[in-house]
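Everything on this sheet refers to the single structure shown next.
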Amino acid sequence: MSENDSNFIFDFISEDISEGGRFEGMTVHTRFPPEPNGYLHIGHAKALYIDFHTAEKFGGLCNLRMDDTNPTKEDEEYVDAIKEDIKWLGYDWGDRFYYASDYFPEMYRFAEELITKGLAYVCELTADQMKEMRGDLSNPARSPFRDRPAKESLDLFRRMKEGEFEDGRMTVRARIDLASGNFNMRDPAIYRINHMSHHQTGDAWCIYPMYDFAHPIEDAMEGITHSLCSLEFESHRPLYDWIIENCSVPCKPRQIEFARLGINHTVLSKRKLRNLVENGFVSGWDDPRMPTLCGLRRRGYTPASIRVFHERNGVSKVNSIVDYAFLEHCLREDLNSNAHRVMAVISPVKLIIDNYPEGVSDEFEVENNPEKPEDLTRKVSFSKELWIENDDFMEEPSRKYFRLFPGNEVRLKSAYVIKCTGFTKDADGKVTEVHATYDPDSRGGNTTDGRKIKATIHWVDARTAVDAQIRLYGSLFDTPEPDLADCNYLEHISPDSLNVISGAKLEASLASAQPAESFQFLRLGYFCADSIESAAGRLVFNRSVSLKDSFRV
RNA sequence: UGGGGUGUAGCCAAGUGGUAAGGCACGGGACUUUGACUCCCGCACUCGUAGGUUCAAAUCCUGCCACCCCAGCCA
């Protein structure tokens, strides 16, 4: 784990499980409770990291639970996607996979218990009336049904469950404090009527529990000791505790809140992301421009890089916006030490080695990763005609340019030292071919007379090169913080956030690259094999570029 | 205006009465079979702010300021 693996949550938990603490001698148990109404994004990965890592830290367990108490917004499609993304990220919930809906029967009984104790009642205020009677900062809320006898509420609640009433006709409300400064305590609704088929329970229920009532019960049913959630639930904690205190649940979990993640240039709102998908601004939840886990996966992000990103960002209660550059740093670091390096020429120009025999092919052993000799080498073919990067040649070298220009020597990575002898241009003055001679004694790239070669460039054999399209992905958004701006964020989608470059040349070894396999390309950054087009041999690669280098204005 | 939170560098973040860790970004240098990577060096006399307590305060006390969350039958 990271160098500084401590945070305020750990401090609370340590205290809780030590002598005299509320969970003395107990095993720490956490849970990750997504609502299956969208795909997981990098922000959820922070919660995943916190939930799973915290459990692990204390030798405990973390459950995966679908928080599916509102069938209106949820769908089975998301359940599978969420599980897949969590597995990909590398977290394991073992056999502890649950649905909040598993506990609907218990929740119903706890609601009955509250009513029986006079701590809840059936309220017939409409949504609008309830809003009107909610009160304000200086006036308490009201409800004419608050003192309804328990027997009557119990009867109505049963009839609600039997489907006797239409949607919205009545609710069950916890009887707490209509004058509380905390609006969540002003007799919050705990059950509502919704005649809708649920993706797990079908038509078994037409009343569904509200989050504030359901969540503490879900946690308690699973023996969760620490219910970690984001800051916006801080003012719900008194209600969480009230439910735990007044229902005869099997354990008393403690809720601890942490700040959620913000990343600049990045929208992390499920609602907005869904909007992008549904309106066709992107190709889907896994469009590589999306901050979803599946999008990042296609973009070439490795699970380790995302985990490390959150690990190093730390956990606090400060609403913070992390630089996107930090995420990129975490990826580069991982790729640099773990990904195979390959050669690709994005903007090719032909290099002809005039003194190299025609029709002859040679092969060079190139290390896959200089930092990891155990990753061995691959063979790269070489011949008289090669492709090199357009900007590795200059007709008139500028100051401090030490790559290829007439008269200059340069090393072809792992191959030979060559000397530029000339070039040809077309009618438009564009360089079409660069000519050079090679030093036959420099096989492998080392000179025999000890002369120093200042620059090394990458290349691809023209005879075996694979043609490719490179997709350049920039940020989807141009404003620094579209997520924070209360404006029409769709207006801020950068029209150039996707740019396709054709005619790139790749090393032949990439012909068999697997989708979503990540490579590091010498000098060019990092790539991910995204998909292989049906047209034979055409690979499509994503190239992630850092924002400052991107082509955006 | 009620309740709940948070303020340490451009961005994260440690720090819990003993004289401001670390990372990103940035600037400089060394090295290099890629100008990448790696490695060095630099980057807060001061912790939102004003006072107070103390030999000593980012840490304790008081006032003020700024920002975030809460009045869904969403989660």
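The model shown is predicted, which means the values in this text are computed figures rather than measured ones. Proteins come first, then strands; the chains are lettered A, B, ... in the order of their sequence lines, and each starts at number 1.
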What does A:V172 touch in the nucleic acid at a heavy-atom separation under 4.0 angstrom: a base, only the sugar-phosphate, or nothing? nothing
Which part of the nucleic acid, if any, lies within contact of A:S337, taking any heavy atom under 4.0 Å across all strands shown: a base, the sugar-phosphate backbone alone, or nothing? nothing
When rounded to the nearest Å, what value does the distance between C1' atoms of B:C37 and B:C43 take? 23 Å
P gap between B:C67 and B:G35, integer Å: 49 Å
Listed nucleotide nearest any side-chain atom of A:V318, set B:U33, B:U6, B:U34: B:U6
Counting just side-chain N and O atoms, does A:T69 come under 4.0 Å of either OP1 or OP2 of B:A75? yes
When rounded to the nearest Å, what value does the distance between P atoms of B:U32 and B:G42 take? 23 Å
A:F326 on top of B:A25's base, within under 5.5 Å and under 30°? no
Any donor-acceptor pair under 3.5 Å linking the side-chain atoms of A:D85 with those of A:H44? no
Is the phosphate of B:C24 approached by A:H329 (side-chain N or O, under 4.0 Å from OP1 or OP2)? yes
Are any of A:R65's side-chain N or O atoms less than 4.0 Å away from OP1 or OP2 of B:A75? no
Does a donor on one side chain and an acceptor on the other come within less than 3.5 Å for A:S143 and A:D187? no
Compute the centroid of each ring, for A:Y416 and then for A:F382, and state whether the two points are separated by less than 6.0 Å. yes
Counting only Watson-Crick pairs (N1-N3 plus N6-O4 or O6-N4) and G-U wobbles (N1-O2, O6-N3), all under 3.5 Å, who is the partner of B:C26? B:G42
Which one is paired to B:G2, where only Watson-Crick or G-U wobble pairs with both distances under 3.5 angstrom count? B:C70
Atom C1', compared across B:C12 and B:U34: separation rounded to whole Å: 32 Å
Compare side-chain N and O positions of A:R192 against OP1 and OP2 of B:A75 and report whether any pair is under 4.0 Å apart. yes
Ignoring hydrogens and angles, answer whether the base of B:U33 and the side-chain atoms of A:N446 contain a donor-acceptor pair closer than 3.5 Å. yes
Charged tip of A:R312 within 45° of A:F326 ring normal and under 6.0 Å: no
Does a nitrogen or oxygen in the side chain of A:S138 sit under 4.0 Å from OP1 or OP2 of B:G2? no
